[in-house]
Amino acid sequence: MPLSKAVDFKTVLQRGNRVQLPKLVRWQFKMETTQVLKVSVKPATSFCDWESFFARMNRDGRLTIPKLTLVLMQKAANGGKSLTGYVLKVKVEPAEAVT
């Protein structure tokens, strides 16, 4: 059963522009690596807007944030400095099928 509703959590931005999905979320929804997800991220200590993108989870339970999204967040929240090690708010929901 893939992810069927929106889930939000806080996590640390890791090296390589990656964030780890909590095991509880992965196990609760029996998430699959083939499901496309709509991911929204923003720094936890900043008032900037949510940045959204589509992604798939890797086999190890991580999501990779696109470079453009990360650069936009860095300029808005941290004056262009790296956000590696910062706490991010992450919202993951199933991607809607466009008809």
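The figures here come from the full heavy-atom set of this structure, side chains too, leaving out hydrogens, waters and symmetry mates.
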Problem set entry | Working for side chain to side chain contact (heavy atoms under 4.5 Å, CB included), residues Leu37 and Met31 | CA-CA 10 Å; Leu37 304 168; Met31 292 179 66; 3.7 Å; yes

Exercise. Is there a side chain to side chain contact (heavy atoms under 4.5 Å, CB included) between Lys89 and Trp50 once you walk through the steps?
Worked result: CA-CA 9 Å; Lys89 290 182 183 177; Trp50 291 89; 3.8 Å; yes

Non-hydrogen side-chain atoms of [X] and [Y] separated by less than 4.5 Å:
X     : Y     : result
Pro94 : Ser4  : no
Arg18 : Asn58 : yes
Met73 : Pro43 : yes
Leu88 : Val19 : yes
Val39 : Lys91 : no
Val7  : Phe29 : yes
Lys42 : Glu51 : no
Gln20 : Arg26 : yes

Problem set entry | Name of the residue among Val90, Val87, Ile65 meeting side chain to side chain contact (heavy atoms under 4.5 Å, CB included) with Leu13 |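 Checked Val90, Val87, Ile65 against Leu13; only one passes side chain to side chain contact (heavy atoms under 4.5 Å, CB included): Ile65.
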
Problem set entry | Least distance between heavy atoms, Asp60 atom then Arg62 atom | OD2-NH1, 2.8 Å

For this session: Taking all non-hydrogen atoms of both residues into account, name the closest pair between Lys67 and Asn17 and its distance.
Result: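 Scanning both residues completely, I find the closest heavy atoms to be CD-ND2, 4.1 Å.
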
Rounded to the nearest 0.5 Å, what's the gap from [atom1] on [X] to [atom2] on [Y]? Could you check?
X     : Y     : atom1 : atom2 : result
Arg56 : Thr64 : CZ    : OG1   : 12.0 Å
Ser82 : Leu70 : OG    : CG    : 7.0 Å
Asp49 : Ser40 : CG    : OG    : 11.0 Å

Problem set entry | More than 12 heavy atoms of other groups within 6.0 Å of Phe9 CZ | yes

Problem set entry | Verdict with reasoning, Val41 to Leu63, per side chain to side chain contact (heavy atoms under 4.5 Å, CB included) | CA-CA 11 Å; Val41 294; Leu63 295 170; over 6 Å; no

Exercise. Does Gln35 reach the main-chain N or O of Met57 with its side chain, forming a donor-acceptor pair under 3.5 Å?
Worked result: no

